[in-house]
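Worksheet for the structure shown next.
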Amino acid sequence: MNDTTTADTNTTSNGKTALADDIRAHFQGDAPITDKAKNFAKARPWTSAAFLGVAAVALLNTFKGTRG
């Protein structure tokens, strides 16, 4: 038997990369993007709410410049 060990290809998440790892895990595969987004929203409701809030503020800011 050969007792040599190979490098582990699985990386561990830390606080900074955990969200990126979750996004990557939820949005990979062959499922439709709507199913992927629903699964992500169910797994991380506060994060998805924050994403929607940022998108809403960005949309409101685009309308702000056209009133003038």
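Residue numbers start at 1 and run along the sequence shown. None of these values were measured; they are calculated from a predicted model.
For residues 43-61, the pairs satisfying salt bridge (Lys or Arg N to Asp or Glu O under 4.0 Å) are D22-R44, with sequence neighbours left out. Each salt bridge (Lys or Arg N to Asp or Glu O under 4.0 Å) pair with one or both residues in residues 46-55, not counting sequence neighbours, would appear here, but there are none. Within the structure, side chain to side chain donor-acceptor pair (under 3.5 Å) contacts touching residues 46-56 (residues at least two apart or in different chains) do not occur.
For the pair T62 and L59, the minimum side-chain heavy-atom distance is below 4.5 Å.
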Run the side-chain donor-acceptor check on residues 27-39: report pairs under 3.5 Å with partners two or more places apart or on a different chain.
from: K36; atom 1: NZ; to: F27; atom 2: O; distance (Å): 3.3
from: K36; atom 1: NZ; to: G29; atom 2: O; distance (Å): 3.0
from: N39; atom 1: ND2; to: D35; atom 2: O; distance (Å): 3.3

